[in-house]
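Everything numeric in this text was worked out from a predicted model, so none of it was measured. Protein chains get the first letters and strands the later ones, always in sequence-line order, with residue 1 at the start of each.
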Amino acid sequence: MTVVTRFAPSPTGYLHIGGARTALFNWLYARHMGGKFLLRIEDTDRARSTQDAVDKIFAGLEWLGLDWDEDPVHQFARAERHAEVARQLLAEGKAYYCYATQEELDEMRAAQRAAGQTVRYDGRWRDRDPSEAPEGVPPVIRLKMPQDGETRIDDQVQGDVTVSNGQLDDMVLLRGDGTPTYMLSVVVDDHDMGITHVIRGDDHLTNSFRQVQLYKAMGWEPPVFAHIPLIHGQDGAKLSKRHGALGVETYRDMGILPEAMRNYLLRLGWGHGDDEIIPTDQAIDWFDIVDVGRSPSRMDMDKLFNLNGHYLREADDERLVTLVADVIVDKHGLTVDQHGSELLFQAMKDLKPRAKSLVDMADGAVFLVRPRPLPIDAKAEKILANGGRDLLADLLPAMDGLEWTAAALEQWARDTADARELKLGKVAQPIRAALSGSTVSPPIFEVMEILGRDESLARIRDAVENTQSNQE
RNA sequence: GACCCCUUCGUCUAGUGGUUAGGACACCACUCUUUCACAGUGGAGACACGGGUUCGAGUCCCGUAGGGGUCGCCA
């Protein structure tokens, strides 16, 4: 049997982190099993569904690198098929019309609550003759749930979970306006799409019991269920769009690499011994849904960034140049021309170990492509003011004739420091301040080589001459 | 409230009856060092609690506590 999984988001907003992980697990399982991963847009809530959200979800999945098979199914387009199933059940006596009004149901629930009873539809129209139907109330169609026995789910993650059928109320299949409810739509679509494994958030676990009864009523084989634990926020509560869950594009904008995101999400609820760095191809090889844990986990940004730093160091230099240039343009408002890209490329090996995100990397690299004269930050200015400027002025004439390689420049700096009985840092820091405008940068002699003789000397001259440099 | 689920360092996890309870992030110290990082070494840090079962329990059973989820003509 070929495994078919699906990711079924409702397009009422961006693709948030929990949805992204659900998608990842479905994708990984399908790829691991050599099956298919399908997409279904659950847009039956016409009021809240938007095309913009659909686009964002697609974009989010694409960014994450989760490719789906076949064209996405739009649930609303299948409404007639769903209604047909409801009518069939009605004809077979497995479902019935319910004429209870909204107000009536509200009262019923309020009364149940007040009496300390379980709140659920009481089946008031279950055995009532439709001839008693009130005028002008468009009826809903409800499924006749079994009232005895129990419903059992052998969940791949949660294990055997059983609920007594008395807990299940007769759920609405078709609304008064003839449109299908979510409960009906998911079951019909999962069946029609040939979904073999439903992997979704734990918050759907209790829905599954009722869905199983719908499968049974239709004489269909239920899929295998796997309810994965939710991701919680720092406060331990369910992460949702209105509760701290950020869209995946936000992580992208924070400078996270998609491969880092995948690795991080994978480790939330799933592990493989002591392995932490798990590239995607390895994940496909190792991942199995039965190995997913049952307890919820919390988002840990520090770990995400740590992982991101790792993938950043491994990433291809040219790819990084493009990504970092984009951030420099967007965040720092500068342009990065051919020469600028060249500088970034050469500096990449020094930039990599210093960044945990593309944003960090851009911050650390921007001085390379800034036009002169550079802004000098307060700490750097202090170094220049406290003797650094004088030293540079003193050294400048000799520097012109040096061999301009990192190694030669470093040797020269060491000799110079020795000759003056200074520590190397005393020579290096003023140069760093002049070249980068900061006290923090990649190894400064590397920077000198990358920037080149002319630019380097010009920046040092700027620093020497501008006693009141443009401080930030 | 009812039903369902969960509970190992602060966080993510390994662990499936006998371990000095392992790893990772974060934290602290040290090493490296021209700054900052990276890297390396070391350190502190956990089986929620109470009963069983067993020669022996983080591992099995039952309670308790805490947390979460669901109870819509939303999905």
- [ ] Determine, stepwise, if the pair A:Ile231 / A:Arg298 fulfils side chain to side chain contact (heavy atoms under 4.5 Å, CB included).
- [x] CA-CA 6 Å; A:Ile231 299 176; A:Arg298 302 185 189 204; over 6 Å; no
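Applying the Watson-Crick and G-U wobble criteria (two distances, each under 3.5 Å), B:U11 pairs with B:A24. In this structure, B:G63 and B:C49 make a Watson-Crick or G-U wobble pair, each of the two defining distances being under 3.5 angstrom. A 3.5 Å limit on both hydrogen-bonding distances identifies no Watson-Crick or G-U partner for B:A37. In a base pair of the Watson-Crick type (N1 to N3 plus N6-O4 or O6-N4) or a G-U wobble (N1-O2 and O6-N3), with each distance short of 3.5 Å, B:G1 is matched with B:C71.
Distances shown here put a side-chain N or O of A:Asn306 below 4.0 Å from the OP1 or OP2 atom of B:A26. Side-chain nitrogen and oxygen atoms of A:Arg313 include none within less than 4.0 Å of the OP1 or OP2 phosphate oxygen of B:A37. For A:Thr44, a side-chain nitrogen or oxygen approaches OP1 or OP2 of B:A75 to under 4.0 Å. Taking side-chain N and O atoms only, A:Ser438 has no distance below 4.0 Å to OP1 or OP2 of B:C36.
Counting non-hydrogen atoms under 4.0 angstrom, A:Ala100 reaches a base of the nucleic acid. Among the heavy atoms of the strands lying under 4.0 Å from A:Thr439 is at least one base atom, whether or not backbone atoms are also near. Looking at heavy-atom distances under 4.0 Å, A:Pro443 makes contact with a base. Within the 4.0 angstrom heavy-atom criterion, base atoms lie near A:His204.
Separation of the A:His197 and A:Tyr29 ring centroids falls under the 6.0 Å cut-off.
In this structure, the side chains of A:Leu89 and A:Leu214 come closer than 4.5 Å at one or more pairs of heavy atoms.
Rounded to whole Å, the C1' atom of B:U41 lies 11 Å from the corresponding atom of B:C32.
Between the side chain of A:Arg432 and the base of B:U34, a donor-acceptor pair under 3.5 Å is found. In terms of polar N and O atoms assigned as donor or acceptor, the side chain of A:Asp274 comes within less than 3.5 Å of the base of B:G22 in a complementary pairing.
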When the side chains of residues 49-56 of chain A are checked against the rest of the protein, which donor-acceptor pairs come out under 3.5 Å, sequence neighbours left out?
unit_1	atom_1	unit_2	atom_2	d
A:Ser49	OG	A:Asp45	O	2.8
A:Thr50	OG1	A:Ala53	N	3.0
A:Gln51	NE2	A:Asp55	OD1	3.0

Which side-chain N or O atoms in residues 420-430 of chain A pair as donor and acceptor under 3.5 Å with protein atoms at least two apart or in another chain?
unit_1	atom_1	unit_2	atom_2	d
A:Arg420	NH1	A:Asp394	OD2	2.8
A:Arg420	NH2	A:Asp394	OD2	3.2
A:Gln429	OE1	A:Arg432	NE	2.6

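In terms of modelled atom types and a separation under 3.5 Å, the side chain of A:Thr12 and the main chain of A:Arg48 share no donor-acceptor contact.
A salt bridge links A:Arg126 and A:Asp170; the closest N-O separation between the charged side-chain nitrogens and carboxylate oxygens is under 4.0 Å.
Nearer to the 5' terminus of RNA chain B, by closest-nucleotide assignment, is the contact made by A:Thr118 (compared with the other of A:Thr118 and A:Glu42).
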Between the protein and nucleotides 28-30 of chain B, are there any N/O to N/O pairs under 3.5 Å, and if so, what are the atom names and distances?
none

